[in-house]
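Start at 1 and go down the list; that is how both ligands and their atoms are numbered.
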Amino acid sequence: MGSGDEQLPEIVVLGQPVVFELYDEQFCSRFRFLRPWESEEPLPHFLASRGRSTQAAICSGDFSLSAAVLANLPSLRLVVTSSAGLNHIDLTECRRRGIAVAYAGNFFSPDVADLAVGLLIDVLRKVSAGNRFVNNGLWPHKPDFPPGFKLGGKRVGIVGLGSIGFEVAKRLEAFGCGISYYSRKQKPFVSYTSYSTIHELASNCDVLVLCCSLTEQTHHMVNREVMLALGKDGVIVNIARGAVIDEKDLVSCLLRGEIAGAGLDVFEHEPRPSPELYQLDNVVLSPHNAVLTEESMEGLYQLICGNLDAFFIGKPLLSQVPDE
Ligand SMILES: O=CC(=O)O
């Protein structure tokens with residue numbers, strides 16, 4: 001580290017955000033970083049010994065920022081998470097400690113919605129299954145690849161009509177789908193039918209697209225009962241958080257043909273989805289990459305730097321998590 005670097009503001013990096021790896025050089029020209037993963041020391045020791053005066057942290061969406069971790073950073077005043085989701089951060093403790101939290105807000109919503117639609121089309125039209133069929137050399141020998149299902153006309157239920165849910169609805173409306181939703185808050189500005197329980201939504205839909213946050217209320221909200229209400233022709237797409245679905249129930253409903261298929265970007269235990277899911281041709285999996293586009297990473301880099309700059313010069317943050 002050159003002597004000039006000593007003047008740069010110090011940030012601790014918790015987890016290993018993809019954006020940090022992609023923009024490492026650019027970040028390092030503006031800030032000085034503590035990188036716990038490069039140390040042999042266990043994280044609590046590293047933070048307790050090196051992070052006592054650190055005021056700002058960048059954290060990835062898969063890093064559990066608990067009260068215990070925060071206790072090792074007594075000077076911390078800002079956390080910038082590279083995610084839109086906040087379920088990995090103890091927000092109550094941050095509020096109690098007066099630590100501001102900035103996040104990606106609605107920034108990723110169009111990219112996430114694109115992938116949700118992509119997964120749905122893939123499941124219905126068997127894109128990945130067809131790809132496997134051709135790649136495995138089956139076409140000349142077994143010219144009986146089964147038909148898929150039409151997207152237009154499907155009744156799609158959006159679970160969580162926030163910014164992502166709204167982007168998904170807009171796209172699927174253009175494909176000729178009927179949209180309804182179940183959400184924490186009624187949305188008076190939309191004409192979509194609203195149901196007051198997820199069970200009712202599932203009973204009236206062919207597809208559920210999960211777009212809600214993971215909270216105590218939404219944990220395992222999509223269970224066997226909801227899947228049975230969706231029915232054997234039903235498809236589930238999850239781009240929210242894995243634990244919104246009870247993954248054991250999902251696997252058993254898929255294996256018994258109690259639902260027709262699933263497109264999943266998120267899982268209860270990442271990066272290890274239930275292995276039964278790998279074998280199924282009516283299931284499409286992606287590695288929690290709905291937010292990951294070159295363009296979104298560039299924008300995220302700018303947003304994170306903008307938040308850090310604002311903090312260090314005492315200006316309002318660009319994307320502060322609002323108080324509930
Ligand atoms: O899942 C990704 C995010 O929350 O940004």
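Ring orientation note: the planes of Phe27 and Tyr301 are nearly perpendicular, at an angle over 60° on the 30°/60° scale. Note on ring orientation: taking the six-membered ring where Trp is involved, the planes of Tyr192 and Phe166 are tilted (angle from 30° to 60°).
Taking any N or O of Ser82, backbone or side chain, none lies under 3.5 Å from an N or O belonging to ligand 1. Below 3.5 Å of separation, one finds no N or O of Val291 facing any N or O of ligand 1. Taking distance alone, with nitrogen or oxygen atoms compared against 3.5 Å, Ser83 stays at or beyond that limit from ligand 1.
Results of the salt bridge (Lys or Arg N to Asp or Glu O under 4.0 Å) test with Asp206 over Lys150, Lys154, Lys232, Arg155 single out Arg155 as the only residue that passes.
The atoms of ligand 1 that sit less than 4.0 Å from any heavy atom of Arg241 are 1 (O), 2 (C), 3 (C), 4 (O). Atom numbering of ligand 1 starts at 1 in the shown order; those under 4.0 Å from a heavy atom of Phe108 are 5 (O).
With respect to Arg224 and Glu258, a salt bridge is recorded, a charged nitrogen being found less than 4.0 Å from a carboxylate O.
Looking only at heavy atoms of the protein, atom 2 (C) of ligand 1 is closest to His288 NE2, 3.5 Å. For atom 3 (C) of ligand 1, the closest non-hydrogen atom of the protein is Ala84 N, 3.3 Å.
In this structure, Tyr195 has its ring center no closer than 6.0 Å to that of Tyr182.
Side chain of Asp309 to backbone of Phe312: no donor-acceptor contact under 3.5 angstrom is found.
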